[in-house]
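First the structure, in the form of structure tokens, and then the observations on it.
Here is the naming used below: chain letters follow the sequence lines, and residue numbers restart at 1 for every chain.
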Amino acid sequence: MGEIAIRTEQLTRRFGALTAVDGVDLRVNAGQFFGFLGPNGAGKSTTIKMLTGLLAPTSGRMELLGLDFQQNPIDVKRQIGVVPEGMGLFERLTGSEYLHFVGRMYGLDGPTTVKRTAELLDFMQLADREKTLIADYSHGMQKKLALAAAVIHGPRILFLDEPFEGVDALAAGALKSLLGRMTERGVTIFLTSHVLEIVERLCSHVAIIHQGRLVAQGSLEELRAGIPGAEGEKKTLEQIFLSIVGQSGAEQARLEELTWLT
Amino acid sequence: MADLNQLPGVAEQLKLVAGLRWNLLKNNLQSKNNRWDLIGMILAAAGGAVMVIGLCVAFYAGTYFFLTRGRASWMQLLYWAIFLWWQVVPILVAGFGANFEFRNFLRFPLSLRAFYILGFGYGFADFAAVSSLCWIAAMLVATAVGRVELLPVMALASLLFVLVNVTLERLIGSWLERIFANRRAREVLVGLFVLSMVSMNFLNPALQKWGGRETQPNILQLIPYFSWLPASLPGNAVDAASNGDFQGLAFTFAGLLVWLGATSGLLWLRYKAQYLGEELSESGAPARAKRGNHRQAATTTLPGFLSPPVAGVMRKEFHYLTRNGFSFITLLLPPVMVVFFSMQFAGNNSMVKEHGLPPQAFFPAAMAYLILILLSPAYNSFAFEGRGIQSYFMAPVRMRDILVGKNLFLVCVVGLELTVSLGVLIWRIGFPGFPLLLSTVAAAAFAVMGQLTIANWSALSFPKKMEIGKMKGERNSGVAVWTAFGVQILIGGIATVVMLAGGWFGKPWLPVAVFAGLTAAALGGYLASLDPLSSLAERKKELLIETLCR
């Protein structure tokens, strides 16, 4: 078994009476492309916020690259990159100014920051908009810039919250290639997305959270094996997901009621 | 095929919109925070009602007086007052913010006619319109009591006046909506608005210097040209009716009808453009920039002794300042205000020579005023970060680096401003002598240093989101305002006592020494506070992220 990149023990977060994340035990090996799935409101974003230092857990433990997050937040943050929900951009900076700012915040020296900024802007096809304020970027351009900012310091773990939302097919293809190369070099990628086809294509391992609790975790093959079905039939991730968290029978009954529409 | 038997009529659509507005208001008031807004609204409504009722009495009395004393031509003044109120107040209340609420109805299957009537109906639903209608009603009652024979003319002229006002206000609002949809235009207009407000301060000195009686005839010559404006015409109609001048009466009504036709036609064209899907994009297509420029721009560096995060934050603060029209103008204001105050209250050219302040009082007072202006943003220093606040918590830095970067940049700005302002003061009033000059500088250093720690605590504890290019509701949180107020009174009090002590004891250098000691103590306190404030930021990060990313 390889090095463990992310490990949580009984990770819990409560908001008043609501328990958004309830005793989650995650284990992600280094170099894995890991998909973290769940229906709306399941606790995905809350978990990713805790794992990236944007939200303090109510209880439980988080260990990234062998370091206790709560004990060594700075050392952990130095080694992770994040595209958070909402992207966290300073909209009144230009693309190059923002990347330069982020590079400096991660402690890169000036010349390295400038070089990487130029290379990333080129790669993300944003070089011709380097003088444009981020506020004037399209959603997809902002997403690409947030991704560039997340990798500028060469992180060992990358957290991506819906990274391909709004990104055109051309750029998405290039990004997927980049992420694939990164995992080959041992970078761990922790990805949440509602587009299950993307997760199925990119991720080797998946965890599913439902109503704050981790209900499945493992490689795609392991998850398939745990789902009953015809011999030799290869279940898609969507079928696995629906069989674990979906209520397809109830959905069907509700659909039947919409006679005026269906 | 959609299961639609018949689209709702215009009246039904108006009813639906009114219901929607009511539900929005009701739901808005259900959250705890908004209950305070409700109390504020009740108090504001009570104050507004008192003002409207009070002015109803004034309009009644004015109308009665003008009509019964043979001064019907003066009725123009009353209509002009209403006209200016009706047209200007909605612009100020809109607060330079893009408001797309009305346009949102376009997603529903409305006819252009219904869209126009809805837009027109909205024109009667703001405070300026309601209060104006009350005042016009008071004028009509006064006419009925004083000169009942003029009532039909007055009523018809007022009706046309009301229609012109509503269509004109909606027309201006529609154009402003289009202009303010563009971020850059919005920011430029906010800057121009602030500058125009500031320039008002110079009206009095300018009038005193150049506004002699000899200029008045020139101004009076312009008055006839105003008579064809919509605010003059109703008064002229009443005056013509009062004098039995039926030709004049016909001309004024024709003029009002022409105005109504013009504003209605233009409003129809504006709404038609919106109805047909006018582009109100937040940003135009930016010009393509030459590649490689960023290499040069990004290599401009700050002093090497600064850590990369502190330097990064300072550079980011600089970019934000230069792109925030309001803040940038606030930065330009202090020397301008010093010139203004020196013209009004001190120096050789004082407008009030016999009451002019001596340099001993004016130098410290002017500096204190400037610090009051310049330090206020520090009490809500994360206001403009928006979603970028997450970057601070994701990056491997402690909040102390962020705070030091922000504070250092502010100190540089304040230092530059005070230096320029002191130069302007010396030019306007004269050199005050080294003891007073150095005491003032030392007092300023103490006032800045003494505030930074509490300002940082306030910024972390009571953040409030602000948006560049907006004015409506753009202010620090109530607690931050009162904290700043209390600290500034305390520091101002200490500084005043120390300054006066130099005079009492006959030791002009005493304040310099005392302020130097106080500044050193404040600096020590500031440095000691950075780690506790970093811990506080960790505890408050959810509040900060939630408030600023909203």
query = Are any of the side-chain heavy atoms of A:Tyr98 and B:Ser391 separated by less than 4.5 Å?
reply = yes
key: Residue selection (most heavy-atom pairs with chain A, distance under 4.5 Å) from B:Gly386, B:Pro309, B:Gly405, B:Cys549   = B:Pro309
task = For A:Asn40, check side-chain contact (heavy atoms from CB on, under 4.5 Å) against everything at least two apart and list the hits.
result = A:His194
message = Would B:Glu385 and A:Arg92 count as a salt bridge (charged side-chain N to carboxylate O under 4.0 Å, His left out) here? Give the steps.
response = CA-CA 9 Å; B:Glu385 310 290 26; A:Arg92 297 297 162 141; over 6 Å; no
Closest approach of A:Arg78 to B:Pro396 (non-hydrogen atoms, all atoms of both residues) = N-CB, 3.5 Å
Presence of salt bridge, B:Arg323 and A:Glu91, under 4.0 angstrom = no
Flag side-chain contact, heavy atom, 4.5 Å: A:Glu97 against B:Arg315 = no
request  = Only counting residues at least two apart or in another chain, list the ones meeting side-chain contact (heavy atoms from CB on, under 4.5 Å) with A:Ala207.
outcome  = A:Leu26, A:Phe34, A:Phe36, A:Leu214, A:Gln217
ask   = Non-hydrogen atoms of chain B under 4.5 Å away: do they reach the side chain of A:Thr94, the backbone, both or neither?
value = both
task = Would you mind checking which part of A:Leu133 comes under 4.5 Å of any heavy atom in chain B, side chain (CB onward), backbone (N, CA, C, O), both or neither?
result = side chain
request  = Would you give the length of the straight line joining atom CD of A:Gln142 to atom CZ of B:Arg387, rounded to the nearest 0.5 angstrom?
outcome  = 9.5 Å
Part of A:Phe101 lying under 4.5 Å from any heavy atom of chain B = side chain
request  = Just say parallel, tilted or perpendicular for the rings of B:Tyr392 and A:Phe90, cut-offs at 30° and 60°.
outcome  = tilted
remark   = Quick note, salt bridge (Lys or Arg N to Asp or Glu O under 4.0 Å) partners involving residues 148-162 of chain A, not counting sequence neighbours, are A:Glu3-A:Arg156
note = For residues 43-58 of chain A against chain B, heavy atoms under 4.5 Å, the residues are A:Thr52, A:Gly53, A:Leu54, A:Leu55, A:Ala56
Side chain, backbone, both or neither of B:Lys541 within contact of chain A (heavy atoms, under 4.5 Å) = side chain
message = Take a 6.0 Å sphere around CZ of A:Phe123 and say whether it holds more than 12 heavy atoms from other residues, nucleotides or ligands.
response = yes
task = Of all the heavy-atom pairs spanning B:Met394 and A:Pro84, show the shortest one and how long it is.
result = SD-CG, 3.7 Å
query = Under 6.0 Å from the CZ atom of A:Arg61, do we count more than 12 heavy atoms belonging to anything else shown?
reply = yes
ask   = For B:Ile389, is it the side chain, the backbone, both, or neither that has a heavy atom closer than 4.5 Å to a heavy atom of chain A?
value = backbone
message = What I'd like to find out is whether the side chain of B:Val313 reaches to under 4.5 Å of the side chain of A:Met105, using heavy atoms alone.
response = yes
Close side-chain approach of B:Tyr320 and A:Leu93, heavy atoms under 4.5 Å = yes
task = Let me know if B:Arg398 has heavy atoms under 4.5 Å from chain A in its side chain, its backbone, both or neither.
result = both
